[in-house]
Chemist: 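One structure follows; several queries about it will come next.
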Number of protein chains: 2
Amino acid sequence: MPQIHVTIDVCTSIYLRNPLDTTLGKNILKHAIILMDQIGFDEFNFKKLASEMGSTEASVYRYFENKYKLLTYLVAWYWDYMHFLILLDIRNIEDPKRKMNIAIETLVLVRDNTATPEYINISKLHTIVVENASKVYHNKLVDTLKKEGYYINLQKLVNTISANILEINSEFKYPKAIATNIIELSLNNEYYIEHLPGLTDQDTTTHLSPRKQTIEMIKYYVDRII
Amino acid sequence: MPQIHVTIDVCTSIYLRNPLDTTLGKNILKHAIILMDQIGFDEFNFKKLASEMGSTEASVYRYFENKYKLLTYLVAWYWDYMHFLILLDIRNIEDPKRKMNIAIETLVLVRDNTATPEYINISKLHTIVVENASKVYHNKLVDTLKKEGYYINLQKLVNTISANILEINSEFKYPKAIATNIIELSLNNEYYIEHLPGLTDQDTTTHLSPRKQTIEMIKYYVDRII
DNA sequence: ATATTTGTGATAGTAAAACTATTATTAATA
DNA sequence: TATTAATAATAGTTTTACTATCACAAATAT
């Protein structure tokens with residue numbers, strides 16, 4: 001059986017050397033995900049990463065200028081991969097409403113896939129994205145980074161979902177804003193259920209998992225709004 | 001004419017000494033807002049703040065343990081103040097839909113008010129909240145900070161808007177999640193229009209300002225969903 | 001087979017950030 | 001006038017973020 005190989009496109013200026021080219025590079029990604037997930041981005045640094053993976057600080061610096069660029073790379077990778085999974089899942093499906101439901105499930109469930117490379121723990125990467133995506137998009141350098149193409153991966157995903165919204169209702173006035181909003185809801189709602197339940201609505205009658213509840217919520221939301 | 005005095009309640013364990021008690025304290029808030037707005041939270045530190053306001057690093061450390069706590073304080077202050085403005089604006093209004101529209105306008109427009117203390121530049125504080133609110137809510141310490149009551153100010157605002165949603169439609173299934181979402185949209189949409197326009201929809205036909213466009217969008221959204 | 005390039009490890013170092021501690025001085029209060 | 005509290009000034013420590021250099025091993029080119 002042919003193995004599916006995923007090529008994740010991440011803007012080349014994010015890194016100094018392509019981490020996918022070498023074993024060390026992939027190891028940096030692998031252990032960066034494990035460590036960031038464990039101690040959080042603020043506590044994370046290249047010294048700890050190097051010691052965690054049995055390498056040296058200087059070696060890591062050959063791949064990424066700083067930890068912000070490494071985070072940006074991981075988040076871009078995540079969106080490109082999510083986009084790939086969604087496109088895979090909605091292939092051959094005609095009904096736009098069904099397509100939307102599948103996209104929502106894919107976004108929230110963060111299912112593992114045979115195409116996930118060994119060096120990426122997708123569930124931990126999801127946690128990292130939930131906790132830190134805003135650091136990538138909300139900062140003083142946003143305008144420069146945008147010009148360098150750091151955000152195209154999320155943009156492409158938004159475009160796909162936005163197109164799907166227009167297939168459901170071609171008159172809908174704010175397809176991109178709602179696409180972006182669906183993506184943000186898929187990240188935040190589960191986090192709120194777990195950590196800040198007062199900011200969302202937990203269904204105490206059913207015994208659905210936080211993820212299933214989030215899917216229900218976003219479907220309800222999409223159904224009413226579009 | 002009696003002057004309205006706003007008492008902003010911020011959880012006492014955020015600060016070491018109440019900044020509102022002294023001139024230096026208020027000066028810390030004032031210049032922290034100016035400086036954070038100017039150089040961004042990541043570049044901001046107590047040394048720069050002290051030099052900006054003609055004081056010393058050690059003096060600032062007597063009020064706040066670190067810059068994260070200062071940010072948390074400012075964000076909590078912002079929500080308490082927004083809540084106050086909304087309650088003021090919807091007084092004596094019966095129609096729940098009108099109340100919601102007013103709340104949306106208040107959230108997005110961030111109008112200055114005579115009750116705004118001299119040491120707070122509310123428009124700059126708004127920028128700081130837009131760019132950094134997620135750092136306050138998405139972090140590894142969230143569970144501890146929640147227990148200490150760091151997030152009650154946002155929670156109260158969510159409760160007020162959530163109640164308003166139920167007044168419009170008592171059957172609505174996710175009042176808190178949508179209240180939180182409205183607040184997040186009010187912060188993000190304007191930022192996206194300005195910095196990441198591909199993530200939202202700009203109306204090129206009209207000549208509405210980003211804020212007016214955001215208000216239109218959220219009203220459209222609320223109207224359809226609730 | 002040998003020379004050369006490339007990637008990595010090891011070590012060492014600098015500059016700035018993030019605090020802490022001490023003392024002197026000034027202002028408020030008893 | 002004595003006492004206390006608040007602040008400024010100074011001087012430190014520790015950690016983070018990053019740079020530079022050199023040696024060695026593996027891959028590649030000739």
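All figures in this text were calculated on a predicted structure; none of them were measured in a lab.
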Chemist: Contact boundaries of DNA chain D with chain A (under 4.0 Å, heavy atoms), 5' to 3'?
Modeler: D/dT16 to D/dA20
Chemist: Give each protein N/O atom lying under 3.5 Å from an N/O atom of nucleotides 28-30 of chain C, with the pair distance.
Modeler:
none

Chemist: With ring pair (Phe, Tyr, Trp, His ring centres under 6.0 Å) as the test, would you mind laying out the steps for B/Trp77 and B/Tyr73 before giving the verdict?
Modeler: CA-CA 6 Å; B/Trp77 195 98; B/Tyr73 180 93; 8.1 Å; no
Chemist: Within the pair B/Asn66 and C/dA18, is there a side-chain N or O less than 4.0 Å away from OP1 or OP2?
Modeler: no
Chemist: Return the residues of residues 31-44 of chain B meeting this criterion: a heavy atom under 4.0 Å from some atom of DNA chain D. Order them by number, or give none.
Modeler: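 Result for residues 31-44 of chain B: none.
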Chemist: Test of understanding: with side chain to side chain donor-acceptor pair (under 3.5 Å), list the residues that count as partners of A/Arg17, not counting sequence neighbours.
Modeler: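 In terms of side chain to side chain donor-acceptor pair (under 3.5 Å), with neighbours along the sequence ignored, A/Arg17 is linked to no residue.
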Chemist: Looking at residues at least two apart in the chain, or sitting in another chain, which of them share a salt bridge (Lys or Arg N to Asp or Glu O under 4.0 Å) with B/Lys176?
Modeler: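 By the salt bridge (Lys or Arg N to Asp or Glu O under 4.0 Å) rule, B/Lys176 matches no residue at all.
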Chemist: Minimum heavy-atom separation for B/Phe64 and B/Leu16, please, with both atom names.
Modeler: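 That closest heavy-atom pairing would be C-CD1, 3.9 Å.
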Chemist: For the CD1 atom of A/Ile34 and the CG atom of A/Leu49, what is their distance to the nearest 0.5 Å?
Modeler: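 The CD1 atom of A/Ile34 sits 10.0 Å away from the CG atom of A/Leu49.
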Chemist: Between C/dA15 atom C1' and B/Asn45 atom CG, what is the distance in whole Å?
Modeler: 13 Å
Chemist: Side-chain donor-acceptor pairs under 3.5 Å in residues 145-152 of chain A, sequence neighbours left out?
Modeler:
unit_1: A/Glu148; atom_1: OE1; unit_2: A/Ser13; atom_2: OG; d: 3.2
unit_1: A/Tyr150; atom_1: OH; unit_2: A/Ser13; atom_2: O; d: 3.1
unit_1: A/Tyr150; atom_1: OH; unit_2: A/Lys69; atom_2: NZ; d: 3.0
unit_1: A/Tyr151; atom_1: OH; unit_2: A/Val136; atom_2: O; d: 2.9

Chemist: Could you tell me which residues satisfy ring pair (Phe, Tyr, Trp, His ring centres under 6.0 Å) with B/His195, sequence neighbours excluded, listed by chain and number?
Modeler: B/Tyr191
Chemist: Is B/Asp89 salt-bridged to B/Arg111, cutoff N-O under 4.0 Å?
Modeler: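 B/Arg111 and B/Asp89: salt-bridged.
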Chemist: How would you list, by chain and number, every residue that makes a ring pair (Phe, Tyr, Trp, His ring centres under 6.0 Å) with A/Tyr68, sequence neighbours excluded?
Modeler: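 Testing A/Tyr68 for ring pair (Phe, Tyr, Trp, His ring centres under 6.0 Å), a comparison that skips the adjacent residues, returns A/Phe41.
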Chemist: Mind jotting down which residue pairs meet the salt bridge (Lys or Arg N to Asp or Glu O under 4.0 Å) criterion with at least one end in residues 25-40 of chain B? Sequence neighbours excluded, please.
Modeler: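 Only B/Lys30-B/Glu118 qualify under salt bridge (Lys or Arg N to Asp or Glu O under 4.0 Å).
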Chemist: Has A/Lys140 got more than 12 heavy atoms of other residues, nucleotides or ligands less than 6.0 Å from its NZ?
Modeler: yes
Chemist: With the sugar-phosphate defined as primed atoms, P, OP1 and OP2, and the base as all remaining atoms, what B/S/- string results for nucleotides 4-12 of chain C, 5' to 3', for protein heavy atoms under 4.0 Å?
Modeler: ---SBBS--
Chemist: Residues two or more places apart in sequence or in another chain: which of them pass ring pair (Phe, Tyr, Trp, His ring centres under 6.0 Å) with B/Tyr221?
Modeler: A/Tyr221
Chemist: Using a heavy-atom cut-off of 4.0 Å across all strands, would you classify A/Lys67 as base, sugar-phosphate, or nothing?
Modeler: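 Here A/Lys67 touches the backbone only, sparing every base.
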Chemist: Not counting sequence neighbours, list each pair that qualifies as a salt bridge (Lys or Arg N to Asp or Glu O under 4.0 Å) and has a residue in residues 183-196 of chain A.
Modeler: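 The answer is A/Glu190-A/Arg211.
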